[in-house]
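Notes to accompany the following structure.
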Amino acid sequence: MSTKEVEKKSNGGNPFQRLNQQLADIAPGLDPIIMTIGEPRHEPPSYVVEVLEENKDGFRKYPAIRGTDEFRAAIGKWLTNRFNLSEDLDPDKSIIPLNGSREGLVFGCICARDYLQKDSKPAVILPNPFYHSYGAGAHIAGADEILLPEPADGVLPDLDAIDPSLLDRTVAFYFASPANPQGTVAPMEYWQKLIKLARKHNFMLFADECYSEIYRQTPPTGILEAAQSIDGTLKNVVTFNSLSKRSNLPGARCGFAAGDPDFIQFFANFRNLAAPQVPMPIQALAVRAFGDEEHVIENRRLYNEKYDAAEEMLSPLFGPVRKDGGFFLWLDVSRWGSSTLVAEKLWREVGVKALPGSYIASDMPDGSNPGENYIRLALVGTLESSKESFRRILDSLE
Ligand SMILES: Cc1ncc(COP(=O)(O)O)c(C=O)c1O
């Protein structure tokens, strides 16, 4: 295979590389404003270096796969406070550190397949559009990938419409709240319904909650509190979260999975053979950051300022653009053409790099693509650069 062919094959699933290839020969119309990757750019907490320095001896040791006692206790305390959990959450049994939520979301899928040992061909259900790693999980697990689109922007999928025989062979069901890219937040009743399905059909429900702390007004309900509200247990549910969005530390690669103690034990055994452990100084940083809400409050304030500006400037053209959670704008641009054409136009005319919605969604069996009408803009830059991008988008499209 030639280098070009290898590149083409391996980049097919990465939306950012696909976009770079699409725009490679097009000069930006103005100084570029990059709004594609959801990589936080607000300041991380002030104590990062101090904590790493204090704990640097930890780099001399291989860390335990289950993490330090302090790490599990700190995450347990944070989860309990944030989601009003009962004392039943045992951090030593229900929590495991991850190198960011992404690797856990992928490895978790293989574990769900092996843990559940279903007789028929495994299926994995994922939202559409979706975070590309869910697809990688389904692929590596050798499972059928079943796509579940929102019926309309901001409207959660109809769970009653899912074929029960499909749920019977499902091993993992990915669900993000707040959703990326739409920012939709699942209310308590929706979570409860989904958890009851997971238990009835015995599949693992993987809640991607890495945007749980990036919300406008109301803290999103979490899967663990919904699970406990049904019968006090965490059976069949796992939440994935990390320092990346909450604390603006995507480069620390530190997160956790928490939930069903039996599954977490199975996951830990598998990870002990296959996955990297989290360095202890990084775990110490997580202990400090999950014990500190101040920087998270400031983080939300900065995002909310940008949503206020977006609402004021863009809603005359697009209608309401504010989202309940997350830090993306998800704009319907179908009046001006397909998502790829509009992304190209914005780059060529005004230097705004937006992600075509179709690159983070898959084609449905009927050929439609639920991201086709949208572009995604990550509001990770400054307020000023965000406003500048809105002005330019209006110049280009109005
Ligand atoms: C929806 C979603 N899930 C998971 C991740 C992975 O985040 P991390 O591995 O940094 O925790 C991201 C990162 O952009 C994301 O957008």
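Every number for a ligand or one of its atoms is a count from 1 in the order of the listing.
Aromatic rings of Tyr211 and Phe327 (six-membered ring for Trp) have centroids within the 6.0 Å cut-off, being under it.
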Are there any protein N or O atoms under 3.5 Å from the N or O atoms of ligand 1? List them with distances, or say none.
residue, atom, partner, partner atom, Å
ligand 1, 3 (N), Asp208, OD1, 3.4
ligand 1, 3 (N), Asp208, OD2, 2.5
ligand 1, 7 (O), Ser101, OG, 3.4
ligand 1, 9 (O), Ser101, N, 3.1
ligand 1, 9 (O), Arg102, N, 2.9
ligand 1, 9 (O), Arg253, NH2, 2.8
ligand 1, 10 (O), Ser244, OG, 2.6
ligand 1, 10 (O), Arg253, NH1, 2.9
ligand 1, 11 (O), Ser101, N, 2.8
ligand 1, 11 (O), Ser101, OG, 2.7
ligand 1, 11 (O), Ser242, OG, 2.7
ligand 1, 14 (O), Lys245, NZ, 2.7
ligand 1, 16 (O), Asn180, ND2, 2.8
ligand 1, 16 (O), Tyr211, OH, 2.8

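At a cut-off of 3.5 Å, with distance as the only test, a side-chain donor of Gln22 or Glu344 sits close to an acceptor on the other residue. Using a 3.5 Å distance cut-off with no hydrogens or angles, the side chains of Asp363 and Asn369 do pair a donor with an acceptor. For the residue pair Asn299/His42, the side-chain donor-acceptor check at 3.5 Å is satisfied.
Within a 6.0 Å sphere centred on CG of Asp366, other residues, nucleotides and ligands contribute more than 12 heavy atoms.
For Phe266, the ring-ring contact (aromatic ring centres under 6.0 Å, His included) criterion is met by Tyr115, not counting sequence neighbours.
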